[in-house]
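Residue numbers run from 1 in the order of the sequence given. One-based numbering, in listed order, for ligands and for the atoms of each.
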Amino acid sequence: MHIFALNCGSSSVKSALIDTSTRQRLFAARVENLGAPGADLQAAVAKVLQDLHEHGAPDAIAHRIVHGGERFVQATRIDDAVLEQIEKLSHLAPLHNPPALAAVRLARSAYPQTPHIAIFDTAFHATLPGHAREYALPADLRQRFGIRRYGFHGISHAHVMATVAVKLGADADQLRIVSCHLGNGASAAAIERGRSVDTSMGMTPLEGLVMGTRAGDLDPGILLDLLQSRDLDAAAVDEVLNKKSGLTGLAGTNDVREIERRATAGDERCRLALAIYSYRVRKYIGAYAAVMGGADAIAFTGGVGENSASIREACLQRLEFLGATVDARANRNVHLDDVSPCCEISQPGARTRILVVRADEELAMALETASATSSS
Ligand code: ADP
């Protein structure tokens, strides 16, 4: 099938027309660093859809939707009622769901006869057991407001699982995998025998690892202090949490290459930022190995996970007790492409294999859409 995958983030549009039988991209378009929300993004999507026309009508269009709430736990064909229900979840992912919905509307009017399928970033984590899913908050609040851990980056973590299984020549349901998606946003997932059993992002994409502009785990008392005693209102705290924290807060930029350059040149602030970042990843790897009673594989993906050998090395320090020993040379020589989307960096014979996987959300969305539409 020819599936067009449309992946609209808060500031970027990534898209690809994919032949799912050969996995080849017939057409691809990326627009990044979209500044002002709304108008820019809509214009970019309109242009991408116009360019798509030259390649004939796709069999289906896949849309990445970040938050599917409790209701959407699998790929879902979009109609007016589904669209309305997704709209109601926008408050849970205010940066991500609204632009994706705007793109869905444009694509539906450009391709009214084509099936449009929503692929949810939360769906892969629908299998979280109660003890990983629930926060220790009063039951009535949790129930009334749908407060629970949903988890994100599910499309990417599911793709990591499938790719690692192929690389290790095993079925996913035989493996315990710690998947680390380290991009601008970052999350870890514990994937036990084909199911997500824990993940570091929670009700919203703010929890867990240190990210480009988000702090990840925090003492919630800090928020109370900022709101009650330091003259910051809710909008200012929102800005701090979503835009000014994480690597940006620690090092003044979210560009990891720049932080690495400055750290190498002796900048203490950047050294500390990288140490905090890697330490947090290592804590989650250890925790998730404990959750699963061990790990058969630890996998890195995303812009940082795929490209930064020094961050991978730092994240993997002191994990020898798990049988995860890094081959320093293999780690420095990772090369990923269409033919080899997965590279091993553990020492030969390591009990826990360490892998680097190329993130490819568009391919994962297209494959899932092909299987959802052919089985419906
Ligand atoms: P997004 O989450 O927006 O899709 P990406 O997965 O593309 O983002 O990751 C973006 C991050 O990857 C940025 O912090 C960027 O600095 C980092 N990155 C990209 N290339 C490299 C590299 N060669 N070395 C280190 N970090 C890199």
Side-chain angles (χ1 to χ4, degrees), residues 5-16 28-35 37 41 44 64 66 93 95-96 99-100 119 121 151-157 159-160 163 179-189 199-201 204-206 208-216 242-265 267 270-271 273-278 280-281 299-315 331-337 341 343 345 356-365:
L6 191 52
N7 178 358
C8 286
S10 50
S11 64
S12 69
V13 178
K14 299 176 199 167
S15 67
R30 283 173 88 104
V31 189
E32 296 191 54
N33 300 320
L34 291 168
L41 190 111
R64 174 178 172 220
V66 164
L95 294 180
H96 295 93
I119 309 283
D121 247 339
F152 299 88
H153 288 142
I155 298 166
S156 178
H157 289 304
H159 184 65
V160 165
T163 310
S179 169
C180 305
H181 177 107
L182 310 179
N184 220 344
S187 71
T199 190
S200 60
M201 282 178 169
T204 74
L206 281 174
L209 302 178
V210 176
M211 309 181 214
T213 60
R214 291 169 253 166
N242 277 302
K243 307 258 173 69
K244 294 187 170 164
S245 300
L247 292 172
T248 298
L250 291 166
T253 172
N254 62 352
D255 184 339
V256 169
R257 281 161 294 196
E258 173 69 18
I259 298 172
E260 288 187 321
R261 266 194 296 275
R262 297 204 322 233
T264 307
D267 183 326
C270 290
R271 282 191 185 169
L274 293 173
I276 295 170
Y277 183 98
S278 317
R280 185 84 54 88
V281 175
F300 291 88
T301 194
V304 180
E306 289 164 50
N307 293 302
S308 175
S310 55
I311 287 190
R312 286 194 301 266
E313 193 180 310
C315 295
N331 185 40
R332 295 265 154 206
N333 290 320
V334 167
H335 176 78
L336 303 169
D337 58 25
C343 193
I345 59 168
V356 184
V357 176
R358 190 162 75 149
D360 194 342
E361 284 173 324
E362 290 76 53
L363 175 63
M365 288 164 66

Next item on the list: With sequence neighbours left out, write down each residue that passes side chain to side chain donor-acceptor pair (under 3.5 Å) with Arg64, or none if nothing qualifies.
Entry: Asn7, Asp121
Next item on the list: With sequence neighbours excluded, tell me which residues meet side chain to side chain donor-acceptor pair (under 3.5 Å) with Glu258.
Entry: Arg261, Arg262
Next item on the list: Kindly compute the distance separating CG (Asp360) from CG (Leu336), expressed to the nearest 0.5 Å.
Entry: 11.0 Å
Note down each nitrogen or oxygen pair, ligand 1 side and protein side, whose separation is under 3.5 Å; give only atom names and the distance to 0.1 Å.
| residue | atom | partner | partner atom | Å |
| --- | --- | --- | --- | --- |
| ligand 1 | 2 (O) | Asn184 | N | 3.0 |
| ligand 1 | 4 (O) | Lys14 | NZ | 3.0 |
| ligand 1 | 6 (O) | Gly303 | N | 2.9 |
| ligand 1 | 8 (O) | Asn184 | N | 3.4 |
| ligand 1 | 12 (O) | Val304 | N | 3.4 |
| ligand 1 | 14 (O) | Asn254 | O | 3.0 |
| ligand 1 | 16 (O) | Asp255 | OD1 | 3.2 |
| ligand 1 | 16 (O) | Val256 | N | 2.9 |
| ligand 1 | 20 (N) | Asn307 | ND2 | 3.4 |

Item checked: Rounded distance (nearest 0.5 Å) linking atom OG of Ser310 with atom CZ of Arg332 -> 6.0 Å
Could you tabulate the donor-acceptor pairs under 3.5 Å formed by side-chain atoms of residues 244-252, not counting sequence neighbours?
| residue | atom | partner | partner atom | Å |
| --- | --- | --- | --- | --- |
| Ser245 | OG | Val240 | O | 2.6 |
| Thr248 | OG1 | Gly212 | O | 2.9 |

Item checked: His153-Thr199 side chain donor-acceptor pair, cut-off 3.5 Å -> no
